[in-house]
2 protein chains.
Amino acid sequence: MTVRSRAKPVTILDVAKRAGVSAGTVSRVLNGANAPSETRRRVDAAVRDLGYVPNHAARSLKRQATEQIALAIPDVANPIYVQMATSIQRVAAERGYQLSLISTHNGATDERTVLRGLHRRQLDGMVLVSLRPGAALLEQIRDAADRLCLIGSYPDDLAVDAVRVDSAAGVHLAVGHLVDQGRRRLAMVNGTPGTVPAERRAAGFLDAFLARGLEVPSDRIVDGDFTTASGYRAVDDLLARAPDVDGVFCANDAMAIGVLRRLRERGRDVPNDVAVVGMDDIDMAAMTAPTLTSVSLRAEERGRLAADLLLERLNASEPIAPRIVNVLPNLVIRESSTRHTVLEAPDA
Amino acid sequence: MTVRSRAKPVTILDVAKRAGVSAGTVSRVLNGANAPSETRRRVDAAVRDLGYVPNHAARSLKRQATEQIALAIPDVANPIYVQMATSIQRVAAERGYQLSLISTHNGATDERTVLRGLHRRQLDGMVLVSLRPGAALLEQIRDAADRLCLIGSYPDDLAVDAVRVDSAAGVHLAVGHLVDQGRRRLAMVNGTPGTVPAERRAAGFLDAFLARGLEVPSDRIVDGDFTTASGYRAVDDLLARAPDVDGVFCANDAMAIGVLRRLRERGRDVPNDVAVVGMDDIDMAAMTAPTLTSVSLRAEERGRLAADLLLERLNASEPIAPRIVNVLPNLVIRESSTRHTVLEAPDA
DNA sequence: CTGTTAGCGCTTTCAG
DNA sequence: CTGAAAGCGCTAACAG
């Protein structure tokens, strides 16, 4: 366990010298090549005695690969991305890759910066979640297509691996459920205007009424920004605009939690006065009071699939044509949308 | 914006050739050395035309530094660590470092693995949060002392930079508040047994009674594991052991949220029947129903301080003696502990 | 101010 | 099976 501190790190040459072999042999032994047990023993001993640890930069430089991948997400504070991170991390670890997390701060980080690690060859590959892919980012994505997997919706002609979920279908599930519960005066708290998910979800919301031949509540969508605080604030807007509201669909659970809280402060009982349905089905949804009905977008599964696609591509000997995987949402019904409150056990 | 894909990446030599200068000059220009504007212009042009991006491995190998640091935390799903990560990330970015996140899965990850990036020189430094530093880890910490900053409590003779918070004092605040509210039959939901924070908090809990000359409720501490689900489960234990409980201190907010939920399911009104106080003051504490009184351990501040210590050390020209910074907790009173419920605005 | 040169530590031919 | 040698792409003396 002797590790040099500031001094000079021990190199493969030191090990070679001590083991009485060449650096090449040490390298081979360490990388699992066949070797006589005697050679192997001496190398191992030298490694242990000296506390040798291979230098990552040197190895990467030579091999042109770092065994590092990254997940770029809009916001570390959003549990849904943490869920993705967890499943990606698991897959990565299984295949000998290290995962690091990059937060793009909802797109505030310069788009160039996001893919920088990739271009510097500091990263072998990346799973990218962008809320609002602009032209510049798309250009960069194209250039790095062979080392990327996207999660989310991008132009069809992009020719990059992607995992998608039909969030509009998820919204239909939510609206259908609210209507089934007898709610007719519905409203929506949407996410950040101008982002793809917010646009899809709003479109899905309106479309769900159209599909049912109901009056379309186009003026009953208020904007939030996907954070809990924004959901909290949105309620005042909402009640000003639609005081008779009896059902609210929120574009994610984080906002739904803020909505729940503020509705309570404003004296509206959930679910008796107003039903609330969220989206994402985060763990916390089973813990709020009342527990939160939510559309699961299967974040964990999407993470796993994205990691599979990416690592398969990185390790392929020949070029692979771009693939798109689709995932289906499902509705998890809890207390916040059902008039007769029934307590239930937590998910986890 | 022309970036080569799989082919062969552009090197500094390609740039040099195109700019009609030497590689050394390109390197200097790119690293901000003085140069005649004409030289600078031609280099910049060549870089742009070729889409050159410096190779990180090569630079790291030569410079013996990666400009990368990491934060190792027990659990990405715990918001308190995400808070730390956010402030560390900010400091790191300001000083030109990239931060990556390593989850140790509550110590399940082999301790060697945690510091591996450091030993491989893949990381210049690390901020480490360990719940349960064992002998092997302490040994490793000592060896890497010049590139580490710890957050948490470690043996005093460790001679490593550390940021600490007096969590026992925080528990005293919580107990004092509960007693002031007239609660006498107190209990505690503790975190993972055997971890330093859990032990400190339990000790602080008992000590708070001793200090007040009250009867010490040693048999009223039930164990959780710092997760929301464990807080939920702990309530059944608690009510079996202490059916008359009128106040609960939880060793963190995640558990407190589970406790709130389960108490409600078991028909106990919070705060009227039972007061609940958590610890960490996560953002969600202002959003639960009722909102959660909590002891802030100033995670963001600790993160910032740790990052400052670490980066100062990494950039020091001479050895710096180890430093320990202490942070004081404070109590944030909300609805869950005060009988007359008053609604309040959210923190964020 | 700039070109040349010598490595950083490792892997990988290529011979033997 | 192993040693020798070349070189991954970059930076930092060192001369000029």
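Letters go in sequence order (proteins before strands), and every chain restarts at 1.
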Item to check | Annotated protein contacts, base or backbone, on nucleotides 8-16 of chain D with a non-hydrogen cut-off under 4.0 Å, one of B, S, - each | outcome: BBBBBB---
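- Between B:R59 and B:N31 the shortest side-chain heavy-atom distance falls below 4.5 Å.
- At whole-Å resolution of the value, CZ in B:R120 and C1' in C:dC10 are 13 Å apart.
- The two residues A:R147 and A:L310 make their nearest non-hydrogen contact at O-CD1, 3.4 Å.
- When heavy atoms are screened at a 4.0 angstrom cut-off, A:T39 is found touching the sugar-phosphate backbone but no base atom.
- Distance A:E67 CD to C:dC10 C1': 14 Å, rounded to the nearest Å.
- A salt bridge links B:R95 with B:D308: the closest approach of a Lys/Arg side-chain nitrogen to an acidic carboxylate oxygen falls below 4.0 angstrom.
- The heavy-atom pair separating B:M126 from B:A72 by the smallest distance is SD-CB, 4.1 Å.
- Residue B:D49 is tested with B:K17, B:R18, B:R42 for a salt bridge (charged side-chain N to carboxylate O under 4.0 Å, His left out); the sole match is B:R18.
- In this structure, the side chains of A:H56 and A:E67 stay at 4.5 Å or more apart for every pair of heavy atoms.
- As a whole-Å value, the separation of A:D14 CG from C:dC10 C1' is 13 Å.
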